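Quick caveat, the model's predicted, so the values are computed rather than measured.
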Amino acid sequence: MRHLALAISSIALLGLSACSETSSSSTPPPTASQATAAALRTGSQTDERTCELAVTKQTNNPDVVTLSSDMSQANTEVIIGVGPQRARWRCLVSGGKVAEVMSLTNEGTL
């Protein structure tokens with residue numbers, strides 16, 4: 001009986017160890033913020049960069065970062081954060097050509 005119990009526990013341990021998957025070469029899953037950022041950026045990097053340059057020129061502030069981009073058939077809408085407070089600016093761009101740049105900040109409350 002003792003040998004039977006030992007055999008059953010050995011088999012159970014082998015079965016459990018086979019279920020464990022560990023690999024040092026696998027990449028970790030994206031964090032929630034990385035996944036959210038990727039989901040908010042459907043525009044091309046070229047259009048995003050074009051808008052970053054246009055907003056930099058408009059605001060005379062080189063501290064800009066793309067917060068989101070949304071591609072559509074007509075234009076890609078790129079939301080840019082400016083300065084340390086990341087004041088929001090909207091840029092419409094298509095094929096590397098800017099159609100519109102405007103502040104989304106309510107300047108009356110500043």
Side-chain angles (χ1 to χ4, degrees):
M1 184 73 164
R2 185 174 159 200
H3 293 296
L4 181 62
L6 183 59
I8 291 173
S9 63
S10 295
I11 292 171
L13 285 175
L14 286 173
L16 288 175
S17 66
C19 291
S20 174
E21 288 186 33
T22 57
S23 173
S24 60
S25 65
S26 67
T27 58
T31 63
S33 61
Q34 289 171 332
T36 301
L40 296 175
R41 305 223 7 213
T42 60
S44 73
Q45 288 183 341
T46 301
D47 283 346
E48 289 178 4
R49 184 68 186 137
T50 299
C51 279
E52 288 173 357
L53 293 171
V55 171
T56 295
K57 184 177 179 181
Q58 181 83 18
T59 62
N60 197 28
N61 188 340
D63 183 12
V64 298
V65 64
T66 296
L67 301 175
S68 67
S69 63
D70 186 23
M71 187 178 75
S72 71
Q73 288 180 338
N75 287 307
T76 297
E77 177 186 58
V78 182
I79 304 299
I80 305 287
V82 179
Q85 299 296 325
R86 297 296 180 229
R88 295 168 56 92
W89 283 72
R90 176 179 178 241
C91 173
L92 295 178
V93 62
S94 181
K97 295 185 182 192
V98 175
E100 178 183 280
V101 174
M102 69 181 252
S103 173
L104 297 177
T105 304
N106 184 352
E107 296 173 6
T109 62
L110 295 177

Taking only residues two or more places apart in sequence or in another chain, which ones pass side-chain contact (heavy atoms from CB on, under 4.5 Å) with Thr50? Thr46, Val93, Val98

Within the structure provided, determine whether Arg49 and Leu53 are in side-chain contact (heavy-atom separation under 4.5 Å). yes

Is it the case that the side chain of Thr42 and the backbone of Ser69 share a donor-acceptor pair, with hydrogens and angles ignored and the cut-off at 3.5 Å? yes

All side-chain contact (heavy atoms from CB on, under 4.5 Å) counterparts of Thr59, not counting sequence neighbours: Val55, Asn61, Val82, Trp89

Cluster check Leu104, Leu92: I/L/V/M/F/W/Y, side chain < 4.5 angstrom: no

Residues forming a salt bridge (Lys or Arg N to Asp or Glu O under 4.0 Å) with Arg88, sequence neighbours excluded: none

Residues Ala74 and Ser94: closest non-hydrogen pair is O-OG, 3.5 Å

Approximate separation, where rounding is to 0.5 Å, of Leu67 CG and Glu48 CD: 10.0 Å

Any chain of hydrophobic side-chain contacts (each under 4.5 Å) joining Val101 to Val64? yes

Pair listing, disulfide bond (SG atoms under 2.5 Å apart) test, anchored in residues 40-93, at least two apart: Cys51-Cys91

Salt bridge (Lys or Arg N to Asp or Glu O under 4.0 Å) pairs touching residues 64-73, sequence neighbours excluded, are none

side-chain hydrogen bond (donor to acceptor under 3.5 Å, both in side chains) pairs touching residues 74-85, sequence neighbours excluded, are Glu77-Arg90

Residue list, side-chain contact (heavy atoms from CB on, under 4.5 Å) with Ala87, at least two apart or on another chain: Thr105

Residue set satisfying salt bridge (Lys or Arg N to Asp or Glu O under 4.0 Å) with Asp63, at least two apart, ordered chain then number -> Arg86

